[in-house]
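Quick notes on the structure that follows.
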Amino acid sequence: GLEISDQGVRFLRIEGGQLKQAFAQLPPGVIAGSKILDRPKLVAALKAVHNQIDPPKRPTHVIFVMPSHNIYTQSFSIPPVPEKDFVEAARLNLEMISPIEAKNSYRSYQLISEGKGGKTEALAAFTHSQEVDDFLSVLKEADFIVIAVEFLALATVRLIKEYGVG
């Protein structure tokens, strides 16, 4: 994955059982929260990281871990519904609990577990679409192809599930 924070750009990939990593520090004022303030400096840092892991101009596929400052999460339950209605039930729940207007946001959910009485527990995540789009544009300029966008807590859980012991 590729993480961007106000401190720097960090890349991690497990390749052939070995950890491959790269880092480029960002000067103060390039990123504030989840907003890009100095696009040219961010592109330069991304290209520096890219050149540490792959040849220049060769597209690199990444899962982008975006700054978590404006990502909102909330769990919700879906009552037992026929399988054909499940996606619509989840969509309606997302609409009801979203802190951001639908036309200005990206939203998704991950199933957590099936609870008592057949209820399904899920974790929803919401963020402002413009902030994500700004990062995707910068990543494309630096020859990264984003295959998924997630936040650090979710990326950590996914990593533990995939490579954890037990």
Side-chain angles (χ1 to χ4, degrees), residues 1-76 90 94-95 97-112 122-166:
L2 179 80
E3 178 189 11
I4 298 176
S5 71
D6 51 358
Q7 283 95 32
V9 176
R10 181 181 326 277
F11 176 87
L12 296 170
R13 176 170 59 200
I14 297 176
E15 203 172 80
Q18 300 294 317
L19 182 64
K20 187 173 192 176
Q21 53 187 327
F23 179 77
Q25 190 167 355
L26 289 174
V30 175
I31 303 276
S34 297
K35 297 194 184 316
I36 300 168
L37 302 179
D38 192 332
R39 183 182 178 100
K41 286 184 181 172
L42 180 56
V43 170
L46 285 164
K47 286 183 177 183
V49 166
H50 186 280
N51 293 342
Q52 292 175 51
I53 54 172
D54 281 323
K57 298 292 181 191
R58 178 176 158 208
T60 300
H61 294 82
V62 295
I63 295 172
F64 169 50
V65 180
M66 74 174 287
S68 299
H69 298 284
N70 287 333
I71 295 177
Y72 307 96
T73 59
Q74 183 172 335
S75 62
F76 66 95
L94 290 175
E95 265 185 39
I97 65 173
S98 178
I100 309 168
E101 193 175 343
K103 68 180 181 179
N104 298 322
S105 70
Y106 289 129
R107 56 190 63 207
S108 189
Y109 66 94
Q110 177 69 46
L111 299 181
I112 300 171
L123 178 65
F126 309 89
T127 193
H128 296 274
S129 54
Q130 187 60 55
E131 290 176 7
V132 175
D133 293 345
D134 290 345
F135 279 106
L136 294 177
S137 172
V138 169
L139 288 160
K140 184 177 181 180
E141 188 175 334
D143 296 316
F144 287 101
I145 297 173
V146 177
I147 57 174
V149 177
E150 60 188 13
F151 56 100
L152 188 57
L154 183 60
T156 303
V157 169
R158 186 177 50 78
L159 187 66
I160 291 169
K161 279 179 81 171
E162 185 147 341
Y163 295 100
V165 177

Any donor-acceptor pair under 3.5 Å from [X] side chain to [Y] backbone:
X	Y	result
S129	Y106	no
S5	P67	no
H50	R58	yes
N51	K47	yes

Stepwise, does the side-chain contact (heavy atoms from CB on, under 4.5 Å) test hold for L111 with Y109?
CA-CA 7 Å; L111 299 181; Y109 66 94; 3.9 Å; yes
Distance from [X] atom [atom1] to [Y] atom [atom2], nearest 0.5 Å?
X	Y	atom1	atom2	value
Q25	R10	CD	CZ	10.5 Å
E15	Q21	CD	CD	12.5 Å
I4	L46	CD1	CG	4.5 Å
I36	K41	CD1	NZ	14.5 Å

Show, in sequence, the C-alpha distance, side-chain angles and deciding distance for V146 and V62, and conclude whether the side-chain contact (heavy atoms from CB on, under 4.5 Å) test is met.
CA-CA 5 Å; V146 177; V62 295; 4.2 Å; yes
Just checking K140: does its NZ atom have more than 12 heavy atoms from other residues, nucleotides or ligands closer to it than 6.0 angstrom?
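It does not: K140 NZ has 12 such atoms or fewer within range.
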Can you spot which of D134, T127, D133 makes a side chain to side chain donor-acceptor pair (under 3.5 Å) with Q130?
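When D134, T127, D133 are each tested with Q130, the side chain to side chain donor-acceptor pair (under 3.5 Å) holds only for D134.
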If I compare all heavy atoms of Q52 with all of A22, which pair ends up nearest, and what's the gap?
OE1-CB, 3.3 Å
Any side-chain heavy atom of F135 within less than 4.5 Å of one from I31?
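Yes, their side chains come closer than 4.5 Å.
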